[in-house]
Structure formats: C-alpha cells, structure tokens
Amino acid sequence: MVITYFDINENGCSIRCKLYCTDRNAIKRVIVFCHGFGGHKDNKAAETFAKRAITKRKGTAVVTFDWPCHGSDARKNLLLEDCDTYLTTVIEYLRARYDTDEFYAYGTSFGGYLLLKYLAEHGNPFRKVALRCPAINMYGTLMDAVANDDDKSNLAHGKPVLMGFDRKVRVSPQFLESVKATDIRVIPFFDYADDILIVHGTADEIVPIADSDQFANDNVIEFVPIAGADHRFRDPKKMDAAIALIIEFFGL
C-alpha cells in the first residue's frame, strides 16, 4: 500500500490530505473518507478501511483530509461554512485530478452529517455514500458532549469551549447556532436514498442509534445495525463487519 500526503491550496484553503492506493499512476476510482468531530486524516478507521478497500481492487484510492481546526489544519475558529468549502474543494480537486466518474464517499459521525449537508445543498456527485454512526442530530450530539458546568456557563456567556477526541476543537456559540439552524432531519433525501447506506452500532454511546433508524425510515434509506458496536467501532470484528457491508454496497 502506498501512502502519500499532499495539500490542496485552492479557494483560500490549505487542506491537509492523505492518499491510500497501490499505484498513484493507475487510479480509476476514488473513495473520499470524512472523519468525525475531533478526529484527523491519520485516524485508524480510515487506514483500516483503506487497506481493505484497495487490496485486490486495482485502481482504487482512498483519500481522507483534515476538517477545519482538526488534525494539522491551521485554522483556529471552526465555521460550518468552512467545512463546506473544504469538502467542496476536495471533491472538485479529486474529480479533476483523476478524471473519473467512479466516485464514492464514506463519512463517520460529524463527517456523515457534513456529507448529508453537502448532498442537500449541492446535489450528489457520488455513485454511493456510506455513513457510519452519522450525527443526524449534530446539534444535540454536541450539546450532549458539554458535560461540565463551566463549559455550559461559558457557552451561555458567549464564550467558546474545547470539545473532541484526538485534538480538542474550539467550539463557539456561533458555530453551535449554525449547526442548530442546519438540521438535516427536516430535509428530504428521497432523491438520493438508493445511493445511501447507514451503518450504526447498537451500543453507540455518543450518537443515538435511534436517530439513524428514524432518519433512514423517514427517507427510505438502507439501514444496518451492528450488534454491540460502540461509536468508534473499537472491536475489530465489528469494524470488519461494517467495512464488508460498505465495500459490498459500493460494488467494489
């Protein structure tokens, strides 16, 4: 497996990206992997998926990147519109760079929310979209993560708080309000339903599986619960099961 780091310096952005493939000169299909809140492009889930996706599948590449204020990204203030700009820029760059219509997307948690937001606002450039534990109610998920009284007080007084897993992200009340105003639960996705798969662990401790179940039912989207899996799918067997479902759904 070949791993390459590169930056996309377009649209006023400097997006840190990571490419997995077997041959950089023979890429025929691209899977864009969108990590979750507080994650980064070097996360284990992306690497595990990439190994499985490109093995014995010539011409397949997986590309992941840092969202604004995540990983090695240089931005300090997280804005929902910047997230959209990053995803749009990555999509446009990869489609132009590899000149392929075999284009797929895989998003987890916050990344799943942003992919759905992109589809609602721009249409669907992907053949298939897989979502693992998507934060359907992103605002509720973020507010549930505000656990201590000091953070609640800071938000109430217009001050930012630090949230996330691997890198703490500065979250402002303004960002939270923008997420609250962009509620994908009220947006119909029937036009894209056949091209979307949702996989969610029944033991998810961060994003309620009921949110995905309801969203899938409302939009007639294929939904597969994974018994006993937590939010990050830390059990390798459960992660393998999710990856197998996604690869099969993509038709690779």
Side-chain angles (χ1 to χ4, degrees), residues 8 10-13 15 17 19 27-37 41 46 49 53 60-68 70 78-139 175 178-200 211-212 214-224 245-252:
I8 300 176
E10 296 179 7
N11 300 326
C13 306
I15 306 172
C17 304
L19 167 72
I27 294 174
K28 299 178 180 178
R29 70 188 62 84
V30 178
I31 304 168
V32 179
F33 184 101
C34 298
H35 68 74
F37 193 87
K41 63 184 176 299
F49 174 76
T60 300
V62 175
V63 175
T64 186
F65 61 98
D66 289 329
W67 291 115
H70 289 67
L78 183 60
L79 301 173
L80 199 55
E81 55 264 38
D82 285 346
C83 295
D84 184 74
T85 299
Y86 272 41
L87 182 54
T88 299
T89 302
V90 168
I91 290 171
E92 291 175 349
Y93 175 89
L94 293 175
R95 293 187 77 177
R97 172 69 177 80
Y98 296 109
D99 190 27
T100 178
D101 62 354
E102 290 193 61
F103 210 49
Y104 305 83
Y106 174 12
T108 68
S109 197
F110 181 54
Y113 165 78
L114 292 174
L115 275 172
L116 287 170
K117 177 179 177 293
Y118 181 92
L119 264 59
E121 296 175 355
H122 304 284
N124 185 13
F126 306 106
R127 285 194 176 184
K128 300 288 183 180
V129 175
L131 308 172
R132 179 169 58 80
C133 302
I136 300 299
N137 178 10
M138 190 68 221
Y139 177 76
F175 175 76
S178 66
V179 171
K180 185 178 182 180
T182 311
D183 188 348
I184 61 172
R185 295 174 299 176
V186 302
I187 302 171
F189 285 85
F190 298 112
D191 290 346
Y192 313 123
D194 291 344
D195 299 322
I196 299 175
L197 168 70
I198 297 177
V199 178
H200 207 126
D211 290 352
S212 286
Q214 185 64 57
F215 179 79
N217 283 331
D218 290 345
N219 292 280
V220 199
I221 291 171
E222 183 177 358
F223 173 70
V224 181
L245 285 167
I246 292 167
I247 289 175
E248 181 181 5
F249 179 70
F250 285 168
L252 302 181

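Residues: numbered from 1 along the sequence shown.
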*asked:* Atom CG of residue position Asp194 - does it have more than 12 heavy atoms of other residues, nucleotides or ligands inside 6.0 Å?
replied: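 Check fails, neighbour count at 12 or below.
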*More than 12 heavy atoms of other residues, nucleotides or ligands under 6.0 Å from CD of Glu248: is that the case?*
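No.
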*Would you please test Ile8 and Cys17 for side chain to side chain contact (heavy atoms under 4.5 Å, CB included) and show each step?*
CA-CA 7 Å; Ile8 300 176; Cys17 304; 3.7 Å; yes
Nearest-0.5 Å distance that lies between atom [atom1] in [X] and atom [atom2] in [Y]:
{"X": "Ile184", "Y": "Leu114", "atom1": "CD1", "atom2": "CG", "value": "9.0 Å"}
{"X": "Ile247", "Y": "Leu252", "atom1": "CD1", "atom2": "CG", "value": "6.5 Å"}
{"X": "Ser212", "Y": "Arg132", "atom1": "OG", "atom2": "CZ", "value": "11.5 Å"}
{"X": "Phe249", "Y": "Ile196", "atom1": "CZ", "atom2": "CD1", "value": "7.5 Å"}
{"X": "Ile136", "Y": "Leu116", "atom1": "CD1", "atom2": "CG", "value": "5.5 Å"}
{"X": "Asp195", "Y": "Glu222", "atom1": "CG", "atom2": "CD", "value": "11.5 Å"}

Looking at [X] and [Y], what are the two nearest heavy atoms and their distance?
{"X": "Glu102", "Y": "Lys28", "value": "CB-O, 3.7 Å"}
{"X": "Phe189", "Y": "Ala120", "value": "CZ-CB, 4.0 Å"}
{"X": "Leu87", "Y": "Cys34", "value": "CD1-SG, 4.1 Å"}
{"X": "Thr182", "Y": "Glu121", "value": "CG2-OE2, 4.3 Å"}
{"X": "Asp183", "Y": "Val186", "value": "O-CG2, 3.1 Å"}
{"X": "Phe250", "Y": "Ala105", "value": "CZ-O, 3.3 Å"}

*Between the main-chain N or O of Phe37 and the side-chain N or O of Trp67, is there a donor-acceptor pair closer than 3.5 Å?*
no
*Look only at the side chain of His35 and the backbone of Phe65, and say whether a donor-acceptor pair between them is shorter than 3.5 Å.*
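Here the side-chain-to-backbone pair exists.
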_Side chains of His122 and Asp84, donor plus acceptor under 3.5 Å_ = yes
_Assess, by modelled atom type and distance only, whether the side chains of Thr85 and Asn11 contain a donor and an acceptor separated by less than 3.5 Å._
no
Report yes if some heavy atom in the side chain of [X] is under 4.5 Å from a heavy atom in the side chain of [Y]; otherwise report no.
{"X": "Phe33", "Y": "Thr108", "answer": "yes"}
{"X": "Thr100", "Y": "Leu94", "answer": "no"}
{"X": "Pro134", "Y": "Ile198", "answer": "yes"}

*Of Asn217, Asp211, Asn219, which meets side-chain contact (heavy atoms from CB on, under 4.5 Å) against Phe215?*
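The passing option is Asn219.
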_Applying salt bridge (Lys or Arg N to Asp or Glu O under 4.0 Å), can you list everything that pairs with Asp82, at least two apart in sequence or on another chain?_
Arg75
_Using the rule given for side chain to side chain contact (heavy atoms under 4.5 Å, CB included), can you reason through Leu131 versus Ile221, listing the C-alpha separation, both sets of side-chain angles and the distance that settles it, and then say yes or no?_
CA-CA 11 Å; Leu131 308 172; Ile221 291 171; over 6 Å; no
_side chain to side chain contact (heavy atoms under 4.5 Å, CB included), that's the test. Do Asp101 and Arg127 meet it? Break it down for me._
CA-CA 8 Å; Asp101 62 354; Arg127 285 194 176 184; 3.4 Å; yes
*Would Asn137 and Arg185 count as a side chain to side chain contact (heavy atoms under 4.5 Å, CB included) if you check the C-alpha gap in whole Å, the side-chain angles of each, and the deciding distance to 0.1 Å?*
CA-CA 7 Å; Asn137 178 10; Arg185 295 174 299 176; 3.5 Å; yes
*Please state whether the rings of Tyr113 and Phe110 are parallel, tilted or perpendicular, taking 30° and 60° as the class boundaries.*
parallel
*Less than 6.0 Å separating the ring centroids of Tyr104 and Phe126?*
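They do not qualify: ring centres at least 6.0 Å apart.
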*asked:* Tell me if the centroids of the rings in Phe49 and Tyr106 come within less than 6.0 Å of each other.
replied: yes
